[in-house]
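One structure below.
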Amino acid sequence: QVQLVESGGGLVQAGGSLRLSCAASGRTSSNYIMGWFRQAPGKEREFVSFITRSGGVTSYADSVSGRFTISRDNAKNTVYLQMNSLKPDDTAVYYCAAAIGAIPGRDSRRYDYWGQGTQVTVSS
């Protein structure tokens, strides 16, 4: 089993940047495909990005492509989400997730472990 703890959220003005971190403990994070999801008030949880075990393959939602970058440092058991050119529509709780098996893609049901989330608020 793995425990995930997100950090790095906060309040930022539109156009600004934040870097989220997700620290994994319990088992080596390199065993997992890691993803980021977000949930805005009144909306369903939506896919943001994922990265494969080696970091060789990444995927992004269309809404964040070109602005967000996912990366991982397996030596530190940490996954990052660099968020640039933030927009008010990016306001949400951001969740880190880990998947054991095959590439889970954008389906949140295929991820096995979840963090508690970190709030990101982008003001206009």
Side-chain angles (χ1 to χ4, degrees):
Q1 191 166 353
V2 65
Q3 292 78 44
L4 304 173
V5 178
E6 303 95 336
S7 63
L11 173 63
V12 64
Q13 289 187 334
S17 299
L18 284 174
R19 188 176 80 156
L20 305 183
S21 299
C22 172
S25 62
R27 289 189 65 179
T28 305
S29 67
S30 60
N31 293 329
Y32 301 90
I33 295 169
M34 302 298 294
W36 286 96
F37 289 76
R38 67 186 183 185
Q39 188 167 18
K43 295 185 177 181
E44 294 187 352
R45 190 170 297 187
E46 65 173 0
F47 168 78
V48 175
S49 182
F50 78 75
I51 186 168
T52 53
R53 292 174 179 84
S54 67
V57 176
T58 59
S59 180
Y60 299 92
D62 290 344
S63 58
V64 306
S65 183
R67 300 187 296 122
F68 290 11
T69 302
I70 191 171
S71 62
R72 67 190 299 163
D73 185 338
N74 288 337
K76 295 182 178 180
N77 286 333
T78 302
V79 176
Y80 305 97
L81 186 68
Q82 178 67 44
M83 306 186 296
N84 298 329
S85 302
L86 283 162
K87 305 174 181 179
D89 284 349
D90 295 318
T91 295
V93 177
Y94 283 71
Y95 297 91
C96 175
I100 299 172
I103 294 177
R106 304 177 178 215
D107 187 350
S108 63
R109 297 169 297 180
R110 298 179 65 185
Y111 287 80
D112 302 287
Y113 302 103
W114 292 84
Q116 293 300 307
T118 185
Q119 176 70 48
V120 172
T121 303
V122 184
S123 63
S124 58

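A quick note: this is a predicted structure, and the numbers were derived from the prediction, not measured. Throughout, numbering of the chain's residues begins at 1 and tracks the sequence.
Of the possible donor and acceptor atoms, one in the side chain of Thr52 sits under 3.5 Å from a partner among the backbone N and O of Val57. No donor-acceptor pair closer than 3.5 Å links the side chain of Asp90 to the backbone N or O of Ala14. Although no hydrogens or angles enter the test, the distance criterion places a donor-acceptor pair under 3.5 Å between the side chain of Arg67 and the main chain of Ser85. Distance alone, capped at 3.5 Å, is enough to place a donor-acceptor pair between the Glu6 side chain and the Cys96 backbone.
Residue Ala98 comes nearest to Val2 through the heavy atom pair CB-CG1, 4.3 Å, listed as atom of the first residue, atom of the second, then distance. Minimum interatomic distance between Met34 and Cys22 (heavy atoms only, all atoms of both residues): CE-SG, 4.2 Å. Nearest heavy atom pair, residue Asp112 against residue Gly101, reads OD2-N, 4.4 Å. For the pair Ala61 and Arg106, the tightest heavy-atom approach, listed with the atom from each and the gap, is CA-NH1, 3.9 Å.
Contact of the Thr58 side chain with the Phe50 side chain is not registered, since no non-hydrogen atoms from C-beta on lie closer than 4.5 Å. Side chains of Ser71 and Gln82 form no contact here, defined as non-hydrogen atoms less than 4.5 Å apart. Contact of the Thr91 side chain with the Gln119 side chain is registered, since non-hydrogen atoms from C-beta on lie closer than 4.5 Å. Put simply, the side chain of Leu20 reaches to within 4.5 Å of the side chain of Met83, judged on heavy atoms. Counting heavy atoms from C-beta on, the side chains of Arg38 and Val93 never come closer than 4.5 Å. At least one side-chain heavy atom of Tyr95 sits under 4.5 Å from a side-chain heavy atom of Gln39.
At a threshold of 4.5 Å between side-chain heavy atoms, the hydrophobic network of Ile, Leu, Val, Met, Phe, Trp and Tyr places Leu11 and Val120 in two separate groups.
Here OG of Ser123 is found 5.0 Å from CD of Gln13. Values are rounded to the nearest 0.5 Å. Atom OH of Tyr111 and atom CG of Leu4 lie 12.0 Å apart (nearest 0.5 Å). Note that CH2 of Trp36 and OG of Ser49 are 10.0 Å apart. Values are rounded to the nearest 0.5 Å. The CD1 atom of Ile33 lies 9.5 Å from the OG atom of Ser54; values are rounded to the nearest 0.5 Å. Atom CZ of Phe68 sits about 8.5 Å away from atom CG of Asn84, to the nearest 0.5 Å.
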Hey, mind stepping through Ile70 and Tyr80 against side-chain contact (heavy atoms from CB on, under 4.5 Å) and telling me if it holds? CA-CA 6 Å; Ile70 191 171; Tyr80 305 97; over 6 Å; no
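Ring planes of Phe47 and Phe37: perpendicular class, angle over 60° (limits at 30 and 60°).
Checking Val64, Thr121, Leu18 one by one against Leu86, the side-chain contact (heavy atoms from CB on, under 4.5 Å) holds for a single residue, Leu18.
The number of heavy-atom neighbours closer than 6.0 Å to CD of Gln116, taken from other residues, nucleotides and ligands shown, is 12 or below.
Salt bridge annotation for Asp89-Lys87: absent, with no cationic side-chain nitrogen under 4.0 angstrom from a carboxylate oxygen.
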